[in-house]
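Step one of this worksheet: look at the structure below.
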Amino acid sequence: MAKVYTDNQDELTITNVIKNGIKQPGLPKWAVLRIALARSLRIETHPDEGLDRRESAVGGGEYSLEQLTGDGKPGDEDMTPPFCALLSQFHDLDLFSDHELFVKLLQRHVRRGLREIRSGWMETHDFHDYLLHELFGDLGASNTNDTDLNLRDKLIRALSEIGISADVTDAVDGPRLTRYLVKLRDANDYNPLLRGLDKLSFVLGLGEMGVFASPTKEPMIVALDIPRASLLWRSVPASKLIEWVSNAPEIFKLPIYLGQDVTGEAFGFDLAAAPHLLVGGTTGSGKSICLHAIIISLISKFTSNGLKLILIDPKRVEMAPYVNLPHVTDGVLTDVVDTIGVLNRLLDEMQQRETALANVGARDIDDPRAYRLSIPRIVVIVEELADLLMQSGGVEDPLIRLAQKARAAGIHLVLATQRPDANTFSGLLRSNVPSRIALTVQKGSESKIIIDESGAEKLLGRGDMLIKLLGKNTIRVHGVLLNSDDIANSVQLAQRKIK
Ligand SMILES: Nc1ncnc2c1ncn2[C@@H]1O[C@H](COP(=O)(O)OP(=O)(O)O)[C@@H](O)[C@H]1O
Ligand SMILES: [Mg+2]
């Protein structure tokens, strides 16, 4: 009989969901497997072959198709044909004629879904909210037909609903928001306006999306950033990244393009000055695409003589396109033991660099005396910090030591996580990774963990971010949208440049 096999970790996740998530101790385990399947089908890529688990493996669980799809049960209870149709469509295969492959793919999806739940859902969160967000999160806002003119009127009316009389003096369209310049008639309205932003967003029917306010240099004028209907959003194309990077300010050692600010101005920064970065946000918020923007900014500027990349991707999906780049010295690291090995090697490298720098009398890699050593910078990218930390306690220590000291040696960390909590981002790591990007999160408390202020819970998802770089004010940016062709093209160009 065909079965679907899980491993120990999967089993722990299943029990955890039943006990702490759905809180129905009698719920059969296969019900969680079905949820996991639905979760996996929300991801566009195919699940990894590494998720094939055999009967002979020790530990874990096994589920018959009868349990999982109702195979062989009478009438409506047998969900096998619709499941098979779903997977056939997803993989563009005829799985009705290959039952074995169907079961195999079913297992891969179920296990990937469990893994997503494991790294994406926190026990402290309501599981039903989590699912709602994960399964239906980006179905979009409903207010689609607003023209700018009736939005202006609507805004003035909404302001008066919350007791503020004001005029709109100007409006600028950015990629997703319109910035309205609003002239208050009474200065005493300013604080009530700031306090009333949630109410304003409610009156405007924006759902969870927030209205952000900022003072301007004009007397009595405040800027209100209001999201347009999602059909009216403009995405920021890859060409903007290429253009910005090739003209980036000279003083930037590692120029990175992220996207456009609220009014559509290009936003880039110097990763070397960051000098380490945390990127946090819920699933679907745009973390991976943000990491791609960072990597592509780097490889479109540097050959492997000037830059090395260490890519750590425990989920194995995102970093695969870069595996053959000469910048990527260790392949894509997916295994925690390998990762620890490479991190420890980086610590050695850091010490050797310190010695070499001291020998030429240089303080750090930016010191002119260090130039003749021509030491390449190293950027370490971690696609899911929580996943990695959960697999082994041995990862945190080398990461902290690198964060504390590696900057002078030209080594920089970019850590992404979908679980911005105190466990993942512990005190020491936190104080040594001073630059932060918050994509959309579920709660204000998570926003505070990432950028020390709330707000990211009111973002629009899909690459909408609040960026707080070392020593700078928080800025809101809409991320550049990179698809797999953009990534493949940039990789090809980078490879050609080397030859
Ligand atoms: N900058 C962006 N502009 C438009 N859509 C985006 C952007 N970033 C992400 N998205 C949308 O959100 C989806 C999830 O992005 P992804 O980077 O995979 O999120 P995460 O890694 O946080 O789960 C993407 O498939 C895309 O549809
Ligand atoms: Mg991702």
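Order of listing sets the numbers, starting from 1, for every ligand and every atom in it. It should be emphasised that the depicted structure is a prediction, and the values quoted were computed from it without experimental measurement.
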### Message
Does Tyr322 form a ring-ring contact (aromatic ring centres under 6.0 Å, His included) with His292? I'd like the steps, not just the answer.
### Response
CA-CA 10 Å; Tyr322 307 111; His292 288 304; 5.7 Å; yes
Applying a strict 4.0 Å limit to heavy atoms, is [X] in contact with ligand 1?
X: Arg176; value: yes
X: Ser235; value: no
X: Gly281; value: no
X: Leu439; value: no

### Ion pair Arg111/Asp7, N-O distance below 4.0 Å
yes
### Task
Run the salt-bridge test on Arg234 and Asp173 with the 4.0 Å N-O cut-off and return the result as yes or no.
no
### Query
Among pairs that include at least one residue of residues 249-262, which meet side chain to side chain donor-acceptor pair (under 3.5 Å), considering only residues two or more places apart or in two chains?
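Checked against side chain to side chain donor-acceptor pair (under 3.5 Å) - neighbours excluded - the pairs reaching residues 249-262 are Asp261-Thr263.
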### Query
Does a donor on one side chain sit under 3.5 Å from an acceptor on the other, for Ser447 and Glu453?
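No, no side-chain donor-acceptor pair sits under 3.5 Å.
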### Query
Which protein N, O or S atoms lie under 2.8 Å from the Mg ion (ligand 2), given by chain and residue number?
Ser288 OG
Could you list the donor-acceptor pairs under 3.5 angstrom formed by side chains in residues 387-395, with sequence neighbours left out?
| residue | atom | partner | partner atom | Å |
| --- | --- | --- | --- | --- |
| Asp387 | OD2 | Gln391 | NE2 | 3.3 |
| Ser392 | OG | Gly394 | N | 2.9 |

### Query
For ligand 1, is any non-hydrogen atom under 4.0 Å from Val480's backbone (N, CA, C, O), its side chain (CB onward), both, or neither?
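Contact part for Val480 vs ligand 1: backbone (N, CA, C, O).
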### Pairs satisfying salt bridge (charged side-chain N to carboxylate O under 4.0 Å, His left out), at least one member in residues 330-347, at least two apart
Asp330-Arg345
### Task
Using a cut-off of 6.0 Å, state whether more than 12 heavy atoms not belonging to Gln404 lie near its atom CD.
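More than 12 within 6.0 Å, yes.
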